[in-house]
Amino acid sequence: ILGAGIYALIGVAANDSGNAIWLAFLISAVVAAFTGLSYAELSSMFKGAAGEYDYIHSAFNKKIAYFGSLAIIFAGIVSAATVSIGFAGYFTSIFNVSLLIAAIGLVILMTLINFIGIKQSAQFNTISTFIEFAGLLLVIFIGAKKIGSVDYLVMPAGMSGVFSAAALVFFAYMGFESIVKLAEETKNPEKTIPKAIVYSVIITTLIYILVSIAAVSVLDWQELGHSTAPLASVVASSLGPLAFVIVGIIALFSTSNTVLITLVTTSRMIYGMAKENTMPKIFSYIHKRTQTPWVAIFFLAATTIAFLFTENLEFLANLTTLFLFIIFALANLSMLILRYTMKEKKRGFYCPGNIGRFSVVALLGFLTSVFMLYFSVVNLM
């Protein structure tokens with residue numbers, strides 16, 4: 001979850017929300033919390049890696065579940081393109097290369113790592129996570145001295161702008177829902193997975209709010225909004241040009257890491273659906289030497305590169321969140337239905353906030369997802 005969304009999108013979101021960007025992150029966190037609690041209960045009921053497909057299939061039918069799975073794959077493709085454009089924004093601010101070439105180069109490089117093997121992907125992920133976390137702590141540290149120096153309720157477009165920014169920065173929370181797909185490789189998943197979902201949302205919310213408050217305390221929100229490397233600009237304003245390069249390089253690790261993980265998980269989902277005969281059989285082909293689903297991997301790379309030609313970070317991010325909110329609305333609705341249709345099903349985690357069997361949290365998760373879906377559509381128009 002942590003990293004790429006805030007590195008790439010905090011500047012774009014500042015244009016809509018001004019100094020109240022922290023509020024946009026808080027609103028997104030509330031939506032993530034409601035849906036995260038629903039996912040926590042659902043994941044404790046279904047132990048497989050299919051995630052949303054199992055939830056929606058059990059509550060509705062195979063066709064709607066298939067639609068949900070396609071939405072997840074499409075969100076993965078567009079999000080990889082989104083973060084690649086974010087990567088290119090930082091890359092071009094340091095090196096004299098065109099935005100499109102930098103983005104395409106990243107997708108090709110991360111695709112090769114994905115193709116070589118999961119072990120190499122995991123090693124790169126671990127290293128990058130520590131680096132990107134250090135960059136966010138540096139922003140918080142620099143901004144801590146200036147907290148209170150600006151009015152944090154300055155909203156150039158009012159609350160409507162804040163909600164639009166919230167729909168956009170929800171991209172930064174993308175990933176908590178993927179935890180459920182690790183159930184088969186987790187000890188005591190009925191309890192561990194729900195805890196992981198809840199803790200991840202709490203921790204990232206705290207970090208994102210602190211980073212956003214620190215950023216607008218150091219740099220005027222308009223200047224932040226016009227920067228292609230927003231967090232690097234924040235640090236450079238206090239520590240100079242060298243710091244800009246250092247944080248820019250950290251952002252490159254953050255964004256490339258997210259692209260890699262997105263390509264890995266989405267290619268495996270395409271492969272898994274092909275094995276279940278819900279996608280063309282060719283996507284289930286495994287390379288003899290690397291033992292990776294090479295057709296799914298290279299198909300994913302080609303479709304991701306196609307979206308890069310828009311060169312529009314904001315458009316791609318809003319398109320991704322649009323599909324996410326559709327998925328989350330279906331998942332929350334599934335939770336409401338399964339409370340009655342599978343009431344005897346054992347649950348390792350029971351979502352709080354209930355009236356009898358009726359889940360108030362799942363209802364709020366559904367309503368907030370639909371509400372944010374509206375703003376994603378508005379942002380795209």
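For the numbers below, each heavy atom of this structure counts, side chains included, while hydrogens, waters and symmetry mates do not. Numbering of residues begins at 1 and proceeds along the displayed sequence. Computed from a prediction, not measured in an experiment: that's the story for all the values here.
- Evaluation of the side-chain hydrogen bond (donor to acceptor under 3.5 Å, both in side chains) test over residues 293-317, restricted to residues two or more places apart or in two chains, returns none.
- Donor-acceptor pairing under 3.5 Å is lacking for the side chains of Thr292 and Asn114.
- Side-chain contact check for Ser38 and Tyr55: no donor-acceptor pair (N or O, by modelled atom type) lies under 3.5 Å.
- Side-chain contact check for Thr320 and Ser79: no donor-acceptor pair (N or O, by modelled atom type) lies under 3.5 Å.
- Through direct or relayed side-chain contacts under 4.5 Å between Ile, Leu, Val, Met, Phe, Trp and Tyr, Phe130 connects to no other residue.
- When the side chain to side chain contact (heavy atoms under 4.5 Å, CB included) test is applied to Lys62, the partners found at least two apart in sequence or on another chain are Tyr53, His57, Thr278.
- A side-chain hydrogen bond (donor to acceptor under 3.5 Å, both in side chains) check over residues 361-380, counting only residues at least two apart or in different chains, returns the pairs Ser164-Asn379, Asn318-Asn379, Thr321-Ser376.
- Proximity of Ile10 to Ser212: side-chain heavy atoms (C-beta onward) are separated by under 4.5 Å at one or more points.
- For Thr92 (side chain) and Gly89 (main-chain N/O), a donor-acceptor pair under 3.5 Å exists by modelled atom type.
- Residues Thr228 and Tyr90 have side chains not in contact (no heavy-atom distance under 4.5 Å, counting atoms from C-beta outward).
- Evaluation of the side chain to side chain contact (heavy atoms under 4.5 Å, CB included) rule for Thr258 yields Ala4, Val83, Thr262 as partners, not counting sequence neighbours.
- Annotation for Phe60: atom CZ counts as buried by contact number, over 12 foreign heavy atoms lying within 6.0 Å.
- Applying the ring-ring contact (aromatic ring centres under 6.0 Å, His included) test to every pair with at least one member in residues 218-251, sequence neighbours left out, gives no pairs at all.
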